[in-house]
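Contents: one structure, followed by commentary.
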2 protein chains.
Amino acid sequence: MDKIKVLVVDDHPMVLEGMQAMLSQIDFVQITGLARNAYLAMEDIKTAIPDIVITDINMPEISGVELTAKIKKEYPSVKVIAMSTFNERSLISQMVQQGASGYLLKSASREQIEEAISTVSRNKLYMSLDLELSNKEQDEMSKLPVLTSREKEVLSLIAEGFTNSQIAEKLFVSPYTVDSHRKNLLTKFDVNNTAGLIKLAAKYGLV
Amino acid sequence: MDKIKVLVVDDHPMVLEGMQAMLSQIDFVQITGLARNAYLAMEDIKTAIPDIVITDINMPEISGVELTAKIKKEYPSVKVIAMSTFNERSLISQMVQQGASGYLLKSASREQIEEAISTVSRNKLYMSLDLELSNKEQDEMSKLPVLTSREKEVLSLIAEGFTNSQIAEKLFVSPYTVDSHRKNLLTKFDVNNTAGLIKLAAKYGLV
DNA sequence: GAAAAAATCCCCTGAAAAGGGGATTGAGAA
DNA sequence: TTCTCAATCCCCTTTTCAGGGGATTTTTTC
């Protein structure tokens, strides 16, 4: 049985070293490369096509989301496992949309990493979402409202500091419309002013 | 010449492994332990007193700040190097106040870690603050206004979603006063509404 | 002990947001 | 095909915020 070829992408040398150390303890895994950015990752993939790419989501220049899109476009058979710290869960759906097969917390243990790799290599999805979440966090997550695309648009503009009428101009709609969206956002987030709105939105990476 | 004894504290196994891998490449360093939380770190220190403790700031239960306070209280001669990801710079001053001797980004290279350890062991402060910052970030950082303690207090309450009068009640002052602070904050941050305020404050970890 | 900085308080105006109410249109789901 | 939902638009009232203008007191710093 062939070993599973894994490429790790992360801008933190520490994490790369850590992953190398942990992956080398897994007997069915073979490391094909360690890349500290998306460019180098694509180079590495070209020379030695891995089975799985484990990539950080938050990276300067080209993010993990974009890298995943690139990989899936050029090498659809390569599986991608996204890695992030706990406060970026909002990016998971983005990653999955781009074709990621797994989601790993940076606080993952060797066992979890092992499980993630073997699960993903069997064409299944691995999500380590709830593993380290407190009840409070779970509650907060479940309360996360579903926003329409227009609402997201308006929210990000609010967060940019624009007023209703400025946003209305940008979106070519009436200020009344923007105000409606704003009110819906307040209701959905269950807050009663802009401050609460931005705070929550920022917390869940929506802005 | 004796080796410098180092203990690493981080709740992420990946980082611990990474640090171990990187530190073992430094010939003048001897790892006395790897702890995944503050409790275990204190145990480790008891059995083998290290010269330097490298600790993550963001940890569940007991934070790096609290751990540093504990260490400096019980073992004043032990040096502490704080470690964090880039968006927590606001904690640096807290760490320094608690007696930390260094600050290391998690994106640090082996060279930087080496430098941090040797600098700190020579009783100097090591701050890796500006190392990996882009010009844009540097500019933004340098523009960061100095807030008074009252202003910080008011800002965090604004971010919590309270109105001026609610804040006034909490602080036992007149709403006029709170309004003054709010206006000063707007001026200092050079923004013109609450949204811009919170966004900036959040960006620099002030809330 | 004087000067500077921080914290407090007050007033006014106009703009913006919050909190209600409602209505219409179009697209997609049941 | 109805029914729901998203998106659009409108009006009203009250509250809060933003942008000015000041002033006083306390605390810190030199």
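Since we're looking at a predicted model, the values are computed, not measured.
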Write down the distance between NE2 (A:His181) and P (D:dC5), rounded to a whole number of angstrom. 16 Å
Can you name the nearest heavy-atom pair linking A:Val9 to A:Met83, along with the distance? O-CE, 4.3 Å
Calculate the interatomic distance between A:Asn192 atom CG and D:dT16 atom P; express it in whole Å. 10 Å
Can you confirm whether B:Leu185 sits close enough to B:Val154 that some side-chain heavy atom of one is under 4.5 Å from a side-chain heavy atom of the other? yes
Output the distance between atom CG (B:Leu155) and atom CD1 (B:Ile198), rounded to the nearest 0.5 Å. 6.5 Å
Side chain A:Ser180 and base D:dC9 donor-acceptor under 3.5 Å: yes
Spacing between A:Arg150 atom CZ and C:dG26 atom P, to the nearest angstrom: 16 Å
Length of the line joining B:Asp190:CG and D:dA18:C1', which is rounded to integer Å: 14 Å
Does a side-chain N or O of B:Thr148 approach OP1 or OP2 of D:dT27 to a distance below 4.0 Å, or not? no
Using whole Å, what does the distance between atom P of nucleotide C:dA5 and atom CD of B:Glu151 come to? 13 Å
side-chain contact (heavy atoms from CB on, under 4.5 Å) with B:Leu186: of B:Val191, B:Thr194, B:Asn193, only one passes, and it is B:Val191
To the nearest angstrom, the CG-P distance between B:Leu186 and D:dG20 comes to 11 Å
Please tell me if the side chains of A:Leu67 and A:Val80 come closer than 4.5 Å, counting only heavy atoms from C-beta onward. no
Any donor and acceptor pair, going by atom type alone, linking the side chain of B:Glu169 with main-chain N or O of B:Gln166 inside 3.5 Å? no
Which heavy atom of A:Ile81 sits nearest to which heavy atom of A:Tyr103, and what is that distance? CG2-N, 4.2 Å
What is the separation between atom CG on B:Leu197 and atom P on D:dG19, rounded to the nearest whole Å? 11 Å
Could you tell me, to 10°, how much the axis swings from one end of the helix from C:dG1-D:dC30 to C:dA30-D:dT1 to the other, five pairs per end? 60°
Test of understanding: with side-chain contact (heavy atoms from CB on, under 4.5 Å), list the residues that count as partners of B:Tyr176, not counting sequence neighbours. B:Ser174
What nitrogen or oxygen pairs link the protein and nucleotides 27-29 of chain C at under 3.5 Å?
none

Between D:dT8, D:dG19, C:dC9, which nucleotide has the shortest distance from any of its atoms to the side chain of A:Thr177? D:dT8
Going by side-chain contact (heavy atoms from CB on, under 4.5 Å), name the residues that satisfy it together with A:Leu40, two or more places apart in sequence or in a different chain. A:Ala35, A:Arg36, A:Asn37
Value in whole Å for how far the C1' atom of D:dA7 lies from CD1 of A:Ile167: 16 Å
Under 4.0 Å between a side-chain nitrogen and a carboxylate oxygen: does that hold for B:Arg110 and B:Glu114? yes
Pairs where residues 73-83 of chain A contributes a residue and the test side chain to side chain donor-acceptor pair (under 3.5 Å) is met, not counting sequence neighbours: A:Lys79-A:Asn123
Please tabulate, one pair per line, each protein N/O and nucleotide N/O from nucleotides 11-16 of chain C that are separated by under 3.5 Å, including the distance.
unit_1 : atom_1 : unit_2   : atom_2 : d
C:dC11 : OP2    : B:Tyr176 : OH     : 3.1

